[in-house]
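This report refers to the structure that appears directly beneath it.
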Amino acid sequence: MIQKNRFSLKLCITVLICAFFYGSPAAMYTQSFNVPDGAATAKPVAAVPTAAQQQVLDAAQAKFDAVIDADGKIEPKDWMPEAYRKTLVRQISQHAHSEIVGMLPEGNWISRAPSLKRKAILIAKVQDEGGHGLYLYSAAETLGTSRDQMLDALHTGRAKYSSIFNYPTLTWADVGVIGWLVDGAAIMNQIPLCRCSYGPYARAMVRVCKEESFHQRQGFEALLAMMQGTPAQQAMVQDAVNRWWWKCLAMFGPPDSDSPNSVQGMRWGIKRISNDDLRQKFVDATVPQAKVLGVTLPDPDLKWNEERGHHDYGAIDWDEFWATVNGNGPCNKERLATRVKAHEDGAWVREAALAHAQKKAARQAAQQEAA
Ligand code: 3HC
């Protein structure tokens, strides 16, 4: 009886939400890609809920709020406000895109790694990033947006991915610096995501963070080996650090005062620590590591502030950051073109997998019918 009532409540809420937000249950929403759904050109007229419907919605909202306030987890079949769903799809899909675009700058060094050991490590790392993309696309799919929709948004330039992957990897030292600093910044941002209020994202992040930790250490170790090498190798490391440092600080996103999504994201327990606080934690953690390596971080204003108990650091070039985010960084066009080509070249694999699945399903259906 209780089960039946629960089911009816869920069904009722689902129908209500579809009717209320989409106009018709068949319409698909898109996330913040700012594009209308293919066919839905006319603006849907939102139905005004009746008093009884409003009561059901209010009850669902109250239950959602109680879970968030108690620091609990929201799961895919739970009711959730549409804005929460959209925020998650926006963030998780951007994150997934970052992982797979992030394979490109390092992938370009696999054939030129200086030893078999370094090549094996790099192949494993780049493959891990592809895996992270897959966990994250799967997590986003539980929210009702298909992988095809997300990839289409990436390939047509409507979706964002991390600014950091639009810079070139000029020398082997860049590969080490990506591990040490880029993956180091990524972990700083991603550890708190293991406590995200959305269950599938939080669980995906636990595994991602374990692997990112290996990525960061292998980068540091590769740089340490170079810093114990020739003056030319040491200079190569310093040059790479000079080129990547500021881009890594910008990776954490705009300052809190300029971050439109932060307040709501934190209220919902999606984000746990603000962009500026994470950036500060990263600077404080990295300074002593740079000392061990013997490299200089390229910031004359970087110094310990006794009063704050943190390092002060110089001004980030936000104009350069936004130009890159908006498609005008040094490698944006190249990265997107490479992604699109890889997707097109892989079409035969997807077609073969689909044909195999269809044949298998048909065989199973025939066997069941015969039995
Ligand atoms: N690059 C590109 N866009 C960025 C950005 C960056 N470094 N930082 C922020 N932005 C975008 C936001 O996506 C947002 O755009 P939108 O509203 O159109 O979606 C806009 O700038 C304003 O920023 P906000 O601070 O308001 O946005 P968020 O509250 O979403 O915070 C974030 C931004 C901190 C990146 C957050 O979305 C987040 O934590 N995402 C998950 C982690 C992630 O995506 N990391 C990317 C790197 S992954 C990686 O590096 C792979 C690893 O293998 C190395």
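For ligands, and for the atoms within them, numbers begin at 1 and follow the listed sequence. If you're wondering where the values come from, they're calculated on a predicted model, not measured in any experiment.
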Quiz item: Just distances here: any N/O of Tyr201 and N/O of ligand 1 closer than 3.5 Å?
Solution: no

Self-check item: Arg279 side chain vs Gly253 backbone, donor-acceptor pair below 3.5 Å
Solution: yes

Quiz prompt | Those atoms of ligand 1 less than 4.0 Å from some heavy atom in Pro260 | solution = 22 (C), 26 (O)

Quiz prompt | Per-atom contacts, ligand 1 versus Phe165 - under 4.0 Å to a heavy atom | solution = 49 (C), 50 (O), 51 (C), 54 (C)

Exercise. Would you indicate whether Arg112, at its atom CZ, is surrounded by more than 12 heavy atoms from other residues, nucleotides or ligands within a distance under 6.0 Å?
Key: yes

Quiz item: Hey, is Leu193 touching ligand 1 through its side chain, its backbone, both or neither, going by heavy atoms under 4.0 Å?
Solution: side chain

Quiz item: Looking only at N/O atoms, are Trp322 and ligand 1 under 3.5 Å apart anywhere?
Solution: no

Quiz item: For ligand 1, is there an N or O atom under 3.5 Å from any N or O atom of Ser163?
Solution: yes

Quiz item: For ligand 1, which part of Phe252 has a heavy atom less than 4.0 Å away: the side chain, the backbone, both, or neither?
Solution: backbone

Quiz prompt | Which segment of Leu278 sits under 4.0 Å of ligand 1 when only heavy atoms are counted | solution = neither

Quiz item: Looking just at side-chain N and O atoms, do Thr87 and Asn261 make a donor-acceptor pair shorter than 3.5 Å?
Solution: no

Practice problem: Say whether Met251, considering both its backbone and side-chain N or O atoms, lies within less than 3.5 Å of an N or O atom on ligand 1. | Solution: yes

Quiz prompt | Minimum non-hydrogen distance to atom 23 (O) of ligand 1, winning option of Gly253, Ala186, Pro254, Gly265 | solution = Pro254

Quiz item: Are Tyr135 and Arg207 linked by a side-chain donor-acceptor pair shorter than 3.5 Å?
Solution: yes

Quiz item: Any nitrogen or oxygen of His132, main chain or side chain, under 3.5 Å from a nitrogen or oxygen of ligand 1?
Solution: no

Quiz item: So is Gln190 in contact with ligand 1, going by heavy-atom distances below 4.0 Å?
Solution: yes

Self-check item: Modelled atom types, side-chain donor and acceptor of His310 and Asp284, under 3.5 Å
Solution: yes

Self-check item: Distance-only donor-acceptor check, side chains Glu211 and His215, under 3.5 Å
Solution: no

Exercise. Answer yes or no for Thr87: is there a heavy-atom contact with ligand 1 below 4.0 Å?
Key: no

Quiz item: Considering only heavy atoms, does His215 approach ligand 1 within less than 4.0 Å through its side chain, its backbone, both, or neither?
Solution: neither

Quiz item: When you measure from the side chain of Asn326 to the backbone N and O of Trp322, does any donor-acceptor pair fall under 3.5 Å?
Solution: yes

Exercise. Would you tell me whether Asp256 and Ser262 have side-chain atoms, one donor and one acceptor, within less than 3.5 Å of each other?
Key: no

Self-check item: ligand 1 atoms in contact with Glu99 (distance to a heavy atom under 4.0 Å)
Solution: 51 (C), 52 (C), 53 (O)

Exercise. Examine His97 together with Tyr137 and report whether their ring centres are nearer than 6.0 Å.
Key: yes

Practice problem: Give the numbers and elements of all ligand 1 atoms closer than 4.0 Å to a heavy atom of Asn275. | Solution: 25 (O), 34 (C)

Self-check item: Residue Asp183 vicinity, atoms of ligand 1 by number, heavy atom under 4.0 Å
Solution: 52 (C), 53 (O), 54 (C)

Quiz item: Should the proximity of Tyr161 to ligand 1, defined as any heavy atom under 4.0 Å, be assigned to the side chain, the backbone, both, or neither?
Solution: backbone

Exercise. Tell me yes or no: between the side chains of Gln280 and Arg308, is some donor less than 3.5 Å from an acceptor?
Key: yes

Exercise. For atom 31 (O) of ligand 1, state which one of Arg90, Lys271, Lys125 supplies the nearest heavy atom.
Key: Lys271

Quiz prompt | Neighbour count >12 (heavy atoms, 6.0 Å) for atom CD, Gln127 | solution = no

Quiz item: Under a 4.0 Å heavy-atom limit, does Val325 contact ligand 1 with its side chain, its backbone, both, or neither?
Solution: side chain

Exercise. Give the single entry among Gln216, Glu106, Gln94, Glu129 that approaches atom 13 (O) of ligand 1 most closely by any heavy atom.
Key: Gln94

Quiz item: Any chain of hydrophobic side-chain contacts (each under 4.5 Å) joining Ile191 to Ile273?
Solution: no

Quiz item: Side chains of Trp244 and Asp174: is there a donor and an acceptor less than 3.5 Å apart?
Solution: yes

Self-check item: Option with minimal heavy-atom separation from atom 15 (O) of ligand 1, where the choices are Lys160, Arg158, Met103
Solution: Lys160

